[in-house]
Amino acid sequence: MTPKNDNEQAIKTFYIRKGQPHIVPIGACFSVVMLAHDAVPAPKLEALRQERAMAVIALRRNQESDDAIAALEAAYTEKMEDLLNAKHHQEYPFRNAEAARILMERIQLYDGKYYRLDAACVMPNHLHLLLDFSIQLPENWAEDSPVPGYQPLHKALGQIKGASARLINRAQGRSGELWSKGYYDRYIRNAWHWHNEYNYIANNPVCAGLVNDWALFPYTYLRQL
């Protein structure tokens, strides 16, 4: 049997992250949050993660609907947002206009290549994304067939984080870690879930008290509906 090349290897869509099951369907749409290196004190973040994981497990055990799980995840995203907006000591690296511009340009660089960029918001100490990876799928794709050259979520985000860290550090004359390890993602289950995440990202700067109207925030991108 001829071995598959790197682009034809089976793409992992289910794995365990920090002891919890994690699903990353091929060609799915994802809501993503990436944190700056000091955005939230680690013990508080871990406690919230554990709380959320147990709540999701309970819903799945009770065979609750995808909408119920999505609503729960949205509630915990809001709890994390409260932690991100707390006034504890931190750097807020993306409050710098040049840093925010560099990061947004890097995000948009892969739009139409790895994903369709549906929404993005560069907050002072974190980043929100809504990314649709279905643009990489061939027409009439069969779900069990390989997708040559497919770039999964973790690789695309790795490129964003790696390149933006180098460029921002160079532009600001800073050194050291820019990003927190890992990221938080949820795959979008249906149209309601997509619209909920889209609107949440749009209104994030308003909820944080940065502007009164989302359209006034310079580091928000929304794909026209």
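Residue N212 places its CG atom among 12 or fewer non-hydrogen atoms of other residues, nucleotides or ligands, all under 6.0 Å distant. Within 6.0 Å of the CZ atom in R166, the count of heavy atoms belonging to other residues, nucleotides or ligands does not exceed 12.
Shortest non-hydrogen contact noted between A99 and N96 is N-OD1, 2.9 Å. The two residues A28 and Y187 have their closest heavy-atom pair at CB-CB, 4.4 Å. Among all heavy-atom pairs drawn from T220 and P205, the shortest one is OG1-CG, 3.9 Å. The shortest non-hydrogen separation linking L35 to W179 is O-CE3, 3.4 Å. Nearest heavy atoms, Y183 versus H154: OH-CB, 3.2 Å. G176 approaches N169 most closely through the heavy-atom pair O-ND2, 3.2 Å.
Distance check: L109 CG to S164 OG gives 11.5 Å after rounding to the nearest 0.5 Å. Here the CZ-SG distance, from F133 to C29, works out to 9.0 Å after rounding to the nearest 0.5 Å. The line from CZ of F94 to CE of M34 is 7.5 Å long, rounded to the nearest 0.5 Å. Within the model, atoms CD of Q108 and OH of Y221 stand 7.0 Å from one another, a figure rounded to the nearest 0.5 Å. To the nearest 0.5 Å, atoms CD1 (I201) and CG (L129) are separated by 7.0 Å. The distance from the OH atom of Y150 to the CD atom of Q136 is 5.5 Å, given to the nearest 0.5 Å.
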Indicate every side-chain donor-acceptor pair of residues 110-120 with a distance under 3.5 Å to a residue at least two apart or in another chain.
{"residue": "Y110", "atom": "OH", "partner": "R106", "partner atom": "NH1", "Å": "3.3"}
{"residue": "Y110", "atom": "OH", "partner": "Q159", "partner atom": "OE1", "Å": "3.3"}
{"residue": "D111", "atom": "OD1", "partner": "L117", "partner atom": "N", "Å": "2.8"}
{"residue": "Y114", "atom": "OH", "partner": "Q159", "partner atom": "NE2", "Å": "3.3"}
{"residue": "Y115", "atom": "OH", "partner": "I107", "partner atom": "O", "Å": "2.6"}
{"residue": "R116", "atom": "NE", "partner": "D118", "partner atom": "OD1", "Å": "2.6"}
{"residue": "R116", "atom": "NH2", "partner": "D118", "partner atom": "OD1", "Å": "3.3"}
{"residue": "R116", "atom": "NH2", "partner": "D118", "partner atom": "OD2", "Å": "3.0"}
{"residue": "R116", "atom": "NH2", "partner": "D132", "partner atom": "OD2", "Å": "3.2"}
{"residue": "D118", "atom": "OD1", "partner": "R223", "partner atom": "NE", "Å": "2.8"}
{"residue": "D118", "atom": "OD2", "partner": "W194", "partner atom": "NE1", "Å": "2.9"}

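In the hydrophobic cluster analysis, where Ile, Leu, Val, Met, Phe, Trp and Tyr join through side-chain heavy atoms closer than 4.5 angstrom, I160 is grouped apart from I135. In the hydrophobic cluster analysis, where Ile, Leu, Val, Met, Phe, Trp and Tyr join through side-chain heavy atoms closer than 4.5 angstrom, Y200 is grouped apart from Y198. Note on L137 and L131: same hydrophobic cluster, where clusters join Ile, Leu, Val, Met, Phe, Trp and Tyr whose side-chain heavy atoms are under 4.5 Å apart, directly or indirectly.
By the 4.5 Å heavy-atom criterion applied to side chains, D185 and L157 are not counted as neighbours. Two residues are said to be in side-chain contact when any heavy atoms from C-beta on lie closer than 4.5 Å; V24 and F30 meet this criterion. R170 has its side chain out of reach of I102: every pair of non-hydrogen atoms, C-beta onward, lies at least 4.5 Å apart. A heavy-atom distance below 4.5 Å is not found between the side chains of L127 and V33.
Judged by distance alone, with hydrogens and angles left aside, the side-chain atoms of E98 form no donor-acceptor pair with the main-chain N or O of Q172 at under 3.5 Å. Of the possible polar contacts, one joining the K161 side chain to the S180 backbone as a donor-acceptor pair under 3.5 Å is found. Side-chain atoms of N196 do not come within 3.5 Å of backbone N or O of W192 as any donor-acceptor pair.
Partners of W214 according to the ring-ring contact (aromatic ring centres under 6.0 Å, His included) rule, which considers only residues two or more places apart in sequence or in another chain, do not exist here.
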